[in-house]
Chemist: 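Sharing a structure with you now.
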Amino acid sequence: MEESEGRLSKPVAVIACIAMTLFYVAILYAPTLILRLPPPQSYENFMIRRFICAAVCSVASVIFCALVLPITSGEASYSFGVYGIRSDHFWQAMVFPLFLTSLMYAGSLMLKSMLLVNKWKEHRHQAGEPLLGCIKSTLLSLPGQMSSVASNVLFWRNFIVAPVTEELVFRACMIPLLLCGGFKAYNAIFLCPTFFSLAHLNHMMEIYSRHNYSLLKASLVVGLQLGYTVVFGSYASFLFIRTGNIVAPLVAHAFCNYMGLPVLFVHGKGPVSIAFVAGMVSFVWLLFPITQPDLYNENTNNCRCWQGYCSWNQ
């Protein structure tokens with residue numbers, strides 16, 4: 001991926017990204033349309049089938065990029081580093097971006113905290129338990145709740161399969177292609193989410209057919225989703241380029257899936273709005289300092305992950 005070695009052309013990089021986007025969507029329908037498998041008997045089987053398809057697509061995309069990218073070293077750590085798959089600076093790549101992302105949800109976290117305190121108060125009033133007893137009972141119930149959640153197929157879709165496969169394809173594979181194709185870092189940050197949002201267009205027909213929505217209502221729902229995916233995709237691409245580590249956008253992706261859309265305002269709960277504003281101000285203030293490439297790489301002038309791209313000089 002060095003400039004002196006062969007560099008991809010911009011058209012080749014874009015075509016490769018489009019091909020991976022189409023493949024990511026098409027393979028989800030391959031079991032029924034191509035392999036002619038019978039329809040799954042349950043929703044869980046349906047999702048497991050999709051998990052397998054997404055995993056196959058991710059592995060195929062990584063292999064495809066390895067063939068297209070001008071990687072000059074056969075060393076495993078070097079090759080995986082191109083995709084941001086690294087063992088060094090793991091905790092920094094997980095904790096700092098997670099903290100930064102949580103600032104956008106300061107209002108949501110404040111609301112959740114207020115609802116939890118109110119729940120404890122109601123429980124104490126009804127059962128006559130002290131506050132510490134309520135907290136203890138809540139903590140004791142956590143293992144059972146976690147076991148129930150972990151057995152839910154939606155948990156695996158939202159927090160494991162979707163973040164891992166989407167970040168591998170739309171960040172780890174596409175961003176090196178775009179950067180090696182000569183696109184500037186800022187261009188890649190806003191171009192990559194375009195492919196990411198296109199991969200969600202198939203949701204329109206699913207919403208239209210399954211939920212019996214009108215075409216207009218389905219378009220509005222999907223339009224909102226696409227807008228959100230573009231914003232999040234830009235942020236995830238920013239994290240990936242700044243840190244050179246796949247863990248950073250991955251934890252942000254899983255956290256955003258858990259939180260949903262940020263809460264801006266709740267009637268009668270002023271602290272929620274105050275927390276949201278304070279969180280967003282803090283987010284903007286810390287966005288660049290907390291994603292300094294030096295925090296995630298030993299030497300940004302010769303980093304093995306981006307071959308200089310993480311120096312942010314583009």
Side-chain angles (χ1 to χ4, degrees), residues 1-30 53-54 56-72 79-85 162-205 222-223 225-246 248-250 252-253 303 305-314:
M1 290 176 62
E2 296 175 358
E3 289 191 64
S4 57
E5 299 293 336
R7 172 179 273 208
L8 297 178
S9 66
K10 288 185 177 181
V12 169
V14 171
I15 291 172
C17 290
I18 293 174
M20 285 190 291
T21 301
L22 295 176
F23 183 56
Y24 188 88
V25 176
I27 198 172
L28 298 178
Y29 301 95
C53 292
V56 170
C57 177
S58 300
V59 173
S61 296
V62 170
I63 295 173
F64 171 72
C65 285
L67 298 175
V68 174
L69 289 170
I71 300 175
T72 57
S79 300
F80 281 116
V82 170
Y83 302 103
I85 303 173
V164 170
T165 59
E166 290 181 0
E167 294 309 317
L168 273 175
V169 175
F170 295 97
R171 247 65 68 180
C173 291
M174 290 190 183
I175 288 180
L177 283 170
L178 294 173
L179 292 178
C180 289
F183 287 94
K184 300 295 184 181
Y186 283 103
N187 292 335
I189 285 174
F190 294 107
L191 182 58
C192 194
T194 302
F195 303 118
F196 184 55
S197 62
L198 290 177
H200 291 75
L201 279 176
N202 63 307
H203 293 173
M204 180 173 176
M205 293 311 299
V222 173
Q225 290 180 344
L226 292 182
Y228 179 75
T229 56
V230 168
V231 172
F232 171 77
S234 299
Y235 174 60
S237 300
F238 173 86
L239 287 177
F240 188 63
I241 293 179
R242 289 284 282 180
T243 65
N245 199 314
I246 189 64
L250 200 157
H253 194 150
C303 58
C305 56
W306 288 110
Q307 289 73 42
Y309 285 120
C310 64
S311 63
W312 201 248
N313 290 326
Q314 296 197 84

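On a predicted model such as this, the values are computed, not experimentally measured, just so you know.
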Chemist: Taking the side chain as everything from C-beta on, heavy atoms only, tell me whether T165 gets closer than 4.5 Å to Y24.
Modeler: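 Yes, at least one pair of side-chain atoms sits under 4.5 Å.
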Chemist: For a side chain to side chain contact (heavy atoms under 4.5 Å, CB included) check, start with the C-alpha distance between L178 and L191, then their side-chain angles and the critical distance, and finish with the verdict.
Modeler: CA-CA 9 Å; L178 294 173; L191 182 58; 3.8 Å; yes
Chemist: Please walk me through it: do S197 and Y228 pass side-chain hydrogen bond (donor to acceptor under 3.5 Å, both in side chains)?
Modeler: CA-CA 9 Å; S197 62; Y228 179 75; over 6 Å; no
Chemist: Going from OG on S237 to CZ on F195, what distance comes out if it is rounded to the nearest 0.5 angstrom?
Modeler: 10.5 Å
Chemist: Taking all heavy atoms of L179 and all of A188, pick out the closest pair and write down the distance.
Modeler: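 Scanning both residues, the minimum pair turns out to be CD2-CB, 4.2 Å.
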Chemist: Specify the closest pair of heavy atoms between P249 and N245, including all atoms of both residues, with the distance to one decimal.
Modeler: CD-O, 3.2 Å
Chemist: Using every non-hydrogen atom in the two residues, find where I175 and C192 come nearest and quote the distance to one decimal.
Modeler: CG1-SG, 4.0 Å
Chemist: With the side chain counted from C-beta on, respond yes when L8 and V68 share a heavy-atom pair under 4.5 Å apart, and no when they do not.
Modeler: yes
Chemist: Side chains of V164 and H253: does their closest heavy-atom pair fall under 4.5 Å?
Modeler: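 Contact flag for V164/H253 side chains = no.
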Chemist: For L168 and I246, work out which heavy atoms get closest and say how close.
Modeler: N-CD1, 4.4 Å
Chemist: So, for L239 and A248, which heavy atoms are closest and what is the spacing to 0.1 Å?
Modeler: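 Closest approach of L239 to A248, heavy atoms only: CD1-O, 3.9 Å.
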Chemist: What pair of heavy atoms forms the shortest contact from G181 to K10, and how long is it?
Modeler: O-CG, 3.0 Å
Chemist: What's the spacing between T229 OG1 and F170 CZ if we round to 0.5 Å?
Modeler: 10.0 Å
Chemist: Are any non-hydrogen side-chain atoms of F240 and E167 less than 4.5 angstrom apart?
Modeler: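 No, side chains not in contact.
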Chemist: For residues 58-66, run the donor-acceptor check on the side chains, cut-off 3.5 Å, and write out each pair with its distance to 0.1 Å, sequence neighbours left out.
Modeler:
| unit_1 | atom_1 | unit_2 | atom_2 | d |
| --- | --- | --- | --- | --- |
| S58 | OG | A54 | O | 2.9 |
| S61 | OG | C57 | O | 2.8 |

Chemist: Cation over ring, R171 on Y83, under 6.0 Å and within 45°?
Modeler: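 Judged by the rule (NZ or CZ under 6.0 Å from the ring centre, within 45° of its axis), R171 is not positioned above Y83.
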Chemist: Students often mix this up, so state it plainly: with edges at 30° and 60°, are the rings of F196 and F232 parallel, tilted or perpendicular?
Modeler: tilted
Chemist: For F80, does the CZ atom have more than 12 heavy-atom neighbours from other residues, nucleotides or ligands under 6.0 Å away?
Modeler: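 Atom CZ in F80 is not packed in, count stays at 12 or less.
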Chemist: Is any side-chain heavy atom of F183 closer than 4.5 Å to a side-chain heavy atom of V14?
Modeler: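 Answer yes - side chains close enough.
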